[in-house]
Undergrad: 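So that we are looking at the same thing, I have put the structure below in C-alpha cells.
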Amino acid sequence: MTVTEIAPTSAAALEDVLSAAHGAAAAWAQTPARVRAQALLAIADALDAAAEELIPLAQEETNLAPARLGGELKRTTFQLRLFAELLVDGGYLDARIDHADEAWPMGARPDIRRVLEPLGPVLVFAASNFPFAFSVLGGDSCSALAAGCPVVVKVHSGHPRLSAAVGRVATAALAAAGAPAGLLALIYGTQSGRDALLDPRIKAGAFTGSIPGGRALFDLANSRPDPIPFFGELGSVNPVFVMAEAAAARGAEIVDGFMASYTLGAGQFCTKPGILLVPAGSGMVQDLAAAARPAPALLLNERIQSGYVDALQELLEHPDVRPLGGTEDALAAPPAPSLAATTAAALLADPEALITECFGPAALVVAYENDGELLAVAEALDGQLTATIQGEDGDALAPELVRILAGKAGRVLWNQWPTGVSVTYAQQHGGPYPATTAPASTSVGTAGIARFLRPVAYQGLPAHLLPAALRDDNPLGIPQRVDGTLAL
Ligand code: NAP
C-alpha cells in the first residue's frame with residue numbers, strides 16, 4: 001500500500017480549526033467531568049458501532065490484518081471507557097486543601113488549595129503503526145479530551161481515509177452528546193502540522209513516531225516565543241538480557257518467546273525487542289539461527305519499508321555484524337523476518353551504530369562473555385521504553401541489573417516480553433530521551449491524563465470563588481487531600 005496523497009489543509013481552513021478549538025476550550029474546561037465522561041462513552045459506542053466500516057478501511061491503508069485491527073479498535077474504545085471512569089472518580093484532579101494554620105511550624109500559613117486544570121487546545125500527531133489506538137481517537141486524544149482540552153489531530157499520511165472516517169464518527173457522537181463545536185478537528189499535511197504547532201492557541205503537543213520527526217517537532221515547540229510542552233514518544237530498541245542461569249534452565253523456551261515477540265505485527269511496534277543479549281557459549285545463538293520464522297508480511301507503507309531497509313542494510317554492513325541464519329529476502333518487500341549477530345565487546349566499542357532501531361521484523365543478537373560485559377551494556381544504553389530481564393529466582397546479578405535498567409527505561413520486565421502494552425492504572429509507557437521527549441510522563445494508561453493538566457493554587461479565596469473540587473463541602477464527592485491527609 002502506498003502512502004495516499006491527500007490535499008493538505010489550507011491556511012484558511014487551519015485558521016478556522018484553530019479558532020474553533022480556541023473557542024471551545026473554556027466551555028469544555030468548564031463542562032463537569034461527569035458530562036465529559038458521557039461524551040467519551042458516546043465516542044466509544046459510536047466507534048464500536050462503526051467497526052464494520054472502519055476495519056476494512058484500516059486494512060486497505062495499513063496492510064494490517066483484520067483480527068489485529070479489531071483488537072486494536074477494542075483497545076481504543078476500552079481506553080475511552082476507562083478514562084470516563086477516571087473522570088467520574090475525580091482522583092486525577094489531585095485536589096489539595098491546606099487550611100490556614102497559625103501554628104504551622106515554619107510560620108503561620110495561609111489557606112492554599114491546589115487542583116489540576118486543563119492546559120488548552122492540544123495538537124496530536126497521529127502514529128502510523130496504530131491506526132486506531134495511537135491515531136485520531138487514540139491514547140493522546142482520549143487523555144486530552146478527558147483532561148478538558150480541545151484536540152486538533154495532525155492526521156498521519158499513512159491512513160488519511162480511515163482518519164477522516166474516525167473523525168466523522170467521533171465528531172457526530174460529540175455533537176449528539178452536547179459537546180462544544182470545534183472540540184475535535186483533523187488537519188492534513190506536514191506543513192499544516194508545523195504551522196499549528198507554532199500557533200499561540202495550541203498549548204501542548206503529543207506525538208508518536210520517529211526520532212528525527214519527533215525531535216524536529218520538539219525543537220519547533222521549544223522555538224516558540226512561548227514554548228509549550230511536547231510529549232513525543234520516539235524510538236527504542238527494548239533490550240532483553242538473558243542471564244546465564246536462565247539460558248541454561250530454559251534457553252529453548254526463551255528463544256521461542258523472543259521469536260514470537262520480535263516478529264509480532266511484522267516488528268512494527270515501538271516495544272519490539274530489538275536487541276537480545278545471550279551468554280556466549282550457551283548454545284542460544286545457534287538455536288536462534290535455526291529457529292522457525294513467520295512468513296514475510298507487507299509493512300505499513302512504502303515509507304516504513306524504505307526506512308526499514310535502509311536501517312537494516314546499514315546494520316548488516318557493519319564490520320562486526322553478521323547475518324544469523326537465513327537472511328535471504330530480509331531486504332525484500334515484503335521483508336522476511338531476520339536476525340543479525342554481534343558481540344558485547346563490539347557493541348560497547350560502537351554503541352551509536354549498533355544500538356539502533358530497525359522498525360520492522362529484525363533484531364540483533366549480542367553474545368556476552370561475562371557479568372561485567374552484561375552490566376557494561378546496560379550502562380551504555382540510552383533511554384528506552386522498556387528493558388527486560390530473563391532470569392531465575394536467586395540470580396545474584398539481578399538486583400544490580402534491575403537498578404541500572406530502572407535508570408534507563410520506563411518499564412522493566414521480568415520473564416515476560418515487552419511487545420504488549422496494557423492500558424491500566426499503573427502502566428508506564430515512556431522513558432528518558434530518545435524513548436521520549438518527556439520522561440516524567442506516560443502515553444499509555446490513566447496516568448497519561450496528567451500531561452494535559454496544569455496545577456493552579458488558589459490562596460485565600462472565598463468558597464464561592466473556588467472551583468468545586470476545592471470546596472470544603474466537596475460537592476463533587478471526589479478524593480481531597482485535606483491538611484495532608486487523603487480523604488476518600
Ligand atoms: P514519522 O516520520 O516520525 O512521522 C510521524 C508524524 O510526524 C507524521 O504525521 C509526520 O507527518 C510528522 N512529521 C515527521 N517529521 C516531521 C517534521 N520534520 N515536520 C513536521 N511534521 C513531521 O513517523 P512514521 O511515518 O510513523 O514512521 C517512520 C519511523 O518512525 C518508523 O520507521 C519508525 O522508526 C518510527 N516509529 C516509531 C514509533 C514508536 O512508537 N516509537 C511508531 C511508529 C513509527 P507526515 O505524515 O505528513 O510526513
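Note that ligands are numbered from 1 as they come in the structure, with each ligand's atoms numbered from 1 the same way. Excluded from the calculations below are hydrogen atoms, water molecules and symmetry mates; all remaining heavy atoms, backbone and side chain alike, are included.
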Undergrad: Would you mind checking which non-hydrogen protein atom is closest to atom 40 (O) of ligand 1, with the distance to 0.1 Å?
TA: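 Sorting protein heavy atoms by distance from atom 40 (O) of ligand 1 puts Cys270 CB, 2.7 Å first.
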Undergrad: Using modelled atom types only, decide if a donor and an acceptor are shared between the side chain of Thr77 and the backbone of Lys74 within a distance under 3.5 Å.
TA: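 Judged by distance alone, yes, a pair lies under 3.5 Å.
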Undergrad: Going by the atom numbers of ligand 1, which of them fall below 4.0 Å from some non-hydrogen atom of Gly213?
TA: 3 (O), 14 (C), 15 (N)
Undergrad: Indicate yes or no for a side-chain donor-acceptor contact from Gln305 to the backbone of Pro335 under 3.5 Å, with no hydrogens or angles considered.
TA: no
Undergrad: Identify, for atom 37 (C) of ligand 1, the protein heavy atom at the shortest distance, and state residue, atom and that distance.
TA: Gly209 O, 3.0 Å
Undergrad: Hey, does Thr208 come in under 3.5 Å of ligand 1, counting only N/O atoms on both sides?
TA: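 So ligand 1 has no N or O lying under 3.5 Å from an N or O of Thr208.
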Undergrad: Indicate yes or no for a side-chain donor-acceptor contact from Arg411 to the backbone of Pro418 under 3.5 Å, with no hydrogens or angles considered.
TA: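 Flag set: sc Arg411 to bb Pro418 pair under 3.5 Å.
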Undergrad: Which of these, Arg215, His156, Arg303, has its nearest heavy atom closest to atom 48 (O) of ligand 1?
TA: Arg303
Undergrad: Given 3.5 Å as the limit, does a donor-acceptor pair link the side chain of Asp89 with the main chain of Glu85, or not?
TA: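 The answer is no, because no donor-acceptor pair under 3.5 Å joins these two groups.
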Undergrad: Under a 4.0 angstrom heavy-atom cut-off, which atoms of ligand 1 come close to Asn129?
TA: 42 (C), 43 (C)
Undergrad: Short question: side chain of Tyr262, backbone of Ser338 - any donor-acceptor pair under 3.5 Å?
TA: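 At least one qualifying donor-acceptor pair exists.
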Undergrad: In terms of the angle between their ring planes, are Phe452 and Phe231 parallel, tilted or perpendicular, with boundaries placed at 30° and 60°?
TA: perpendicular
Undergrad: List every atom of ligand 1 that sits less than 4.0 Å from any heavy atom of Ser128, numbering the atoms from 1 in the order shown and giving each element.
TA: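 Within the 4.0 Å cut-off of Ser128, ligand 1 contributes 24 (P), 26 (O), 27 (O), 43 (C).
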Undergrad: What atoms of ligand 1 come closer than 4.0 angstrom to any heavy atom of Glu233?
TA: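 The list of qualifying atoms is 39 (C), 40 (O), 41 (N).
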Undergrad: Give a yes/no on ligand 1: does Gly307 have at least one heavy atom closer than 4.0 angstrom to it?
TA: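 The answer is no: ligand 1 sits nowhere under 4.0 Å from a heavy atom of Gly307.
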Undergrad: Measure from atom 18 (N) of ligand 1 to every heavy atom in Cys358, Gly232, Ala216 and give the option owning the shortest one.
TA: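 Heavy atom nearest to atom 18 (N) of ligand 1 belongs to Ala216.
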Undergrad: Mind running side chain to side chain donor-acceptor pair (under 3.5 Å) on Arg293 and Thr263 for me, showing each step along the way?
TA: CA-CA 8 Å; Arg293 299 172 192 182; Thr263 59; over 6 Å; no
Undergrad: Does a donor on one side chain and an acceptor on the other come within less than 3.5 Å for Thr342 and Asp320?
TA: no
Undergrad: If you measure only the distance, is there a donor-acceptor pair under 3.5 Å linking the side chains of Ser236 and Gln384?
TA: yes
Undergrad: Is Ser210 close to ligand 1, meaning an N/O of one under 3.5 Å from an N/O of the other?
TA: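 Yes, since at least one N or O of Ser210 sits under 3.5 Å from an N or O of ligand 1.
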Undergrad: Looking at Tyr188, is its backbone amide N or carbonyl O close enough to the side chain of Lys154 to form a donor-acceptor pair, meaning the two atoms are under 3.5 Å apart?
TA: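 The answer is no, because no donor-acceptor pair under 3.5 Å joins these two groups.
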Undergrad: Mark up the atoms of ligand 1 that fall under 4.0 Å of a heavy atom belonging to Arg194, in ascending order.
TA: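 Reading through ligand 1 atom by atom, the close ones are 17 (C), 18 (N), 19 (N), 20 (C).
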Undergrad: Atoms of ligand 1 less than 4.0 Å from Leu217 heavy atoms?
TA: 19 (N), 20 (C), 21 (N), 22 (C)
Undergrad: Do we see a donor-acceptor contact under 3.5 Å between the side chains of Ser135 and His156?
TA: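 No, no side-chain donor-acceptor pair sits under 3.5 Å.
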Undergrad: How far is atom 46 (O) of ligand 1 from its nearest protein heavy atom, and which residue and atom is that?
TA: Ser157 OG, 2.6 Å
Undergrad: For atom 33 (C) of ligand 1, what's the nearest protein heavy atom and its distance?
TA: Phe359 CG, 3.2 Å
Undergrad: Checking contacts here: is it the side chain or the backbone of Phe207 that comes within 4.0 Å of ligand 1, counting heavy atoms only? Could be both or neither.
TA: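 It is the side chain that gets close, since no backbone atom is under 4.0 Å.
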Undergrad: Applying a heavy-atom cut-off of 4.0 Å, say which part of Lys154 lies close to ligand 1: side chain, backbone, both or neither.
TA: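 Side chain only.
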Undergrad: Run the numbers for me: atoms of ligand 1, each under 4.0 Å from some heavy atom of Ile304, listed by number.
TA: 27 (O), 28 (C), 31 (C), 32 (O)
Undergrad: Report the part of Leu234 in contact with ligand 1, treating N, CA, C, O as backbone and CB onward as side chain, heavy atoms under 4.0 Å; options are side chain, backbone, both, neither.
TA: backbone
Undergrad: Is a side-chain donor or acceptor of Asp195 paired with a backbone partner of Ala11 at a separation under 3.5 angstrom?
TA: no
Undergrad: If you have a sec, work out which protein heavy atom is nearest atom 21 (N) of ligand 1 and how many Å separate them, to one decimal?
TA: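 Checked against all protein heavy atoms, atom 21 (N) of ligand 1 sits closest to Thr190 CG2, 3.5 Å.
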